[in-house]
Number of protein chains: 2
Amino acid sequence: MTDIPGGHASVRKLLTAMLNELSNSERKVARALLAQYPTAGLTTVVDLATAASVSPPTVVRFVTRLGFSGFPAFQRALVHELNGELGSPLKQYPEKGGPSKEGVLTETYQAFAAMLSASYEELPESEFHKMTKLLCDPGREVRVAGGRFSGSVSSYLVGHLRLLRAGVHHVDGDDLDRRTAIADASSSTVLVIYDYRRYTDRSVVFAEGMAARGATVCLMTDNWLSPIAKFAKVVLPMRVDSASPFDSLVASMALTESLVAAVAAELGDAGVKRLELVEESGG
Amino acid sequence: MTDIPGGHASVRKLLTAMLNELSNSERKVARALLAQYPTAGLTTVVDLATAASVSPPTVVRFVTRLGFSGFPAFQRALVHELNGELGSPLKQYPEKGGPSKEGVLTETYQAFAAMLSASYEELPESEFHKMTKLLCDPGREVRVAGGRFSGSVSSYLVGHLRLLRAGVHHVDGDDLDRRTAIADASSSTVLVIYDYRRYTDRSVVFAEGMAARGATVCLMTDNWLSPIAKFAKVVLPMRVDSASPFDSLVASMALTESLVAAVAAELGDAGVKRLELVEESGG
DNA sequence: GCTATTCTGAAATCTCAGTTACACAACGAG
DNA sequence: CTCGTTGTGTAACTGAGATTTCAGAATAGC
């Protein structure tokens, strides 16, 4: 089989590699192909052209530019590749352990992978479960707060939790907001607070205030532990080391999603029911 | 598509079910097909006939006996089926022998690791660089927008970018906000829009409006590509498959941080200087 | 702002894959 | 042994789909 030009093992790789050497319309074809890979390329030229919103000749030019003698040859390459991949279904991921080229992308990816691995490794599972239980308790009010950057993650948590249960609110950075939150808190309140270095006094003061009112404080923080850990009931540390000048909240984001998944699983039907209710009333 | 007869979801099942109702030569075809499923059926009638050591008409008679209107219809069914199986790559993992009562934590962690690896593997590096260049251009105004959930990530991007360069603003979901953003847009505007399934019309309309004003549209989306891809200059797809009922934005978050890292590296001293300036004036 | 180059799609063309028709071969029944 | 039925391949046909051509559109360069 000399169908595959340049000895490339993967058409997908070939696609991404040549993406910037293609014309605009040809790039559209590449994207359409990558969006539904590889099935989009297994039908006809017309179908692929339609999916990419271009004309059939563009598709033909596209495959020839990739180095194939024509569309049929291109299809044979796809099928050939499919043969290899389907043979070992799990091969797709562990392959070479990720991207291969140098650059920011690779660097950051590797940092993320290592960070995630280490974070989950070190995470005390018992704490995670405690937190899940707290978030699932319908008798408790949940308040969530974050800092300048971690606020994005905390609001993300709220966005999901609200769909699964009642009584979830975000406490913004606003001073008045925070003071009213403290005033409204009681022993049935759960505070989830995201605090990563550099730790801000404001967050500490706020958490302290909530704890003083009897609230159960759950802390999402980094390895070095925010001072809030002193009076937190649950502490979930994640790594934030990064290749860039900024700390990374990818692990925090991941843990947040893990929490949501755990809550969803724990609530089961009840959660699903509420979710459907919210969705359909929204239109 | 009414290509699949009898409501069978799987052609493979159909094959094994009808094996003994076929003639000798037809059974050969079925065997050849099962031996290399489904790729043997994705080429041509002649190829399949050759592989099965029968004549082309026998292959045609074979597929019609299965209930298909012809060979093309049969192929469409195969492709359709392939779409479903390959569509959710993470579905393959839960079958990892034994009950997956392993725990939510490890389950989600594995999903994240796989998702990240695949996402970065598939990411076109050239697109990433194009986007970096755009974000580093001091002559351009940057606008960032997101959806209900992705809004958290988009605001996260803004939080970082603002520290590195001027002219970066978030466009909220508010209608008036978006309309003014469109009015203010020009050919020197860069729009970074986060749009993950399920894609909202509002985001498409907004992006379209910005594009019409000459803005350069950069799209952060999932594998299935938001319709915005049609008129986007740069498209960065990331996987969103998750173990929970919700899609995951961990990969999106990671890519966002990669972008920030790339921009920081590209800007170099200029970025650092601005960063220090912002920090110290803040107190 | 103009020219040169590249890009792109509509229409015409041509090739070949899928299909059909028919004749021969195999097998079983009487 | 002969007839009828079923299965199978050869060869001719048909139409769908891949390809080529060419003119208009977009883009880059000066």
Side-chain angles (χ1 to χ4, degrees), chain A residues 3 5 11 18-33 39-79, chain B residues 1 3 5 11 18-33 38-79 126 130 133-134 187-188 211-212 214-217 229-234:
Chain A
D3 289 339
V11 177
M18 299 201 73
L19 208 54
N20 45 354
E21 301 182 19
L22 299 173
S23 75
N24 272 336
S25 295
E26 287 168 352
R27 203 169 297 124
K28 279 193 201 171
V29 180
R31 283 185 190 137
L33 202 47
T39 47
L42 291 175
T43 54
T44 71
V45 170
V46 177
D47 282 358
L48 180 53
T50 307
S53 306
V54 301
S55 67
T58 300
V59 172
V60 174
R61 280 190 289 264
F62 163 74
V63 294
T64 52
R65 182 165 309 198
L66 289 183
F68 298 95
S69 64
F71 194 77
F74 172 71
Q75 280 194 324
R76 278 195 293 274
L78 281 181
V79 170
Chain B
M1 292 261 169
D3 288 338
V11 178
M18 298 199 75
L19 250 187
N20 40 3
E21 301 183 19
L22 299 173
S23 75
N24 272 337
S25 295
E26 285 168 355
R27 203 170 294 122
K28 279 195 204 169
V29 180
R31 290 252 130 82
L33 201 47
T39 47
L42 291 176
T43 53
T44 71
V45 171
V46 177
D47 282 357
L48 181 52
T50 307
S53 304
V54 299
S55 69
T58 300
V59 171
V60 174
R61 281 191 285 265
F62 163 74
V63 294
T64 53
R65 183 166 307 199
L66 289 182
F68 297 96
S69 65
F71 194 77
F74 173 69
Q75 279 193 326
R76 277 196 295 273
L78 283 179
V79 170
S126 58
K130 252 191 258 170
K133 282 274 185 288
L134 283 170
S187 62
S188 69
T216 306
V217 177
K230 286 276 190 298
F231 41 85
K233 197 67 171 270
V234 179

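A note on names: the letters A, B, ... follow the listed sequences, proteins ahead of strands, and every chain is numbered from 1.
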Whole-Å distance between D:dA18 P and A:Phe74 CZ?
12 Å

To the nearest 0.5 angstrom, please state how far the CG atom of A:Leu22 sits from the NZ atom of A:Lys28.
13.5 Å

Using chain B heavy atoms and a threshold of under 4.0 Å, write down where along DNA chain C the contacts begin and end, 5' to 3'.
C:dG18 to C:dT20

Non-hydrogen atoms of A:Ala49 and A:Ser55 that approach each other most closely
CB-C, 3.8 Å

So which atom in A:Ser53 and which in B:Lys230 form the shortest heavy-atom distance, rounded to 0.1 Å?
OG-CE, 2.9 Å

My understanding is that only residues two or more places apart in sequence, or in another chain, count here; which of them pass side-chain contact (heavy atoms from CB on, under 4.5 Å) with B:Ala211?
B:Val217, B:Phe231

Side-chain contact test, heavy atoms from C-beta onward, threshold under 4.5 Å: evaluate it for A:Pro56 versus A:Val59 and give yes or no.
no

How close do B:Phe68 and B:Ala77 get, counting heavy atoms only, and between which atoms?
CE2-CB, 3.6 Å

Atom CZ of A:Phe68 to atom C1' of D:dA18: distance rounded to whole Å?
16 Å

Working to the nearest 0.5 Å, report the span between OG1 of A:Thr64 and CD of A:Glu26.
7.5 Å

Determine the minimum heavy-atom distance between A:Thr43 and A:Asp47, stating which atoms define it.
OG1-CB, 3.3 Å

Between the axis at one end of the helix from C:dG1-D:dC30 to C:dG30-D:dC1 and the axis at the other (five pairs apiece), what's the angle to 10 degrees?
30°

Distance col, row B:Lys130:NZ vs B:Lys233:NZ, nearest 0.5 angstrom, shows 7.5 Å

To the nearest 0.5 Å, how far apart are OG1 in A:Thr58 and CG in A:Leu48?
10.5 Å

Check whether any side-chain heavy atom of B:Phe62 lies under 4.5 Å from a side-chain heavy atom of B:Val54, and answer yes or no.
no

Between the protein and nucleotides 24-30 of chain D, list the N/O to N/O atom pairs that are separated by less than 3.5 angstrom.
none

Quick one, which residues of residues 57-65 of chain B touch DNA chain C with a heavy atom under 4.0 Å?
B:Pro57, B:Val60

Side chain to side chain, B:Phe74 and B:Leu33, heavy atoms closer than 4.5 Å:
yes

Taking salt bridge (Lys or Arg N to Asp or Glu O under 4.0 Å) as the test, write out the residues that go with B:Arg31, two or more places apart.
none

Between D:dT8, D:dG9, D:dA18, spot the one nearest the side chain of A:Pro72, thanks.
D:dA18

Using whole Å, report how far CZ of B:Arg76 lies from P of D:dG17.
8 Å

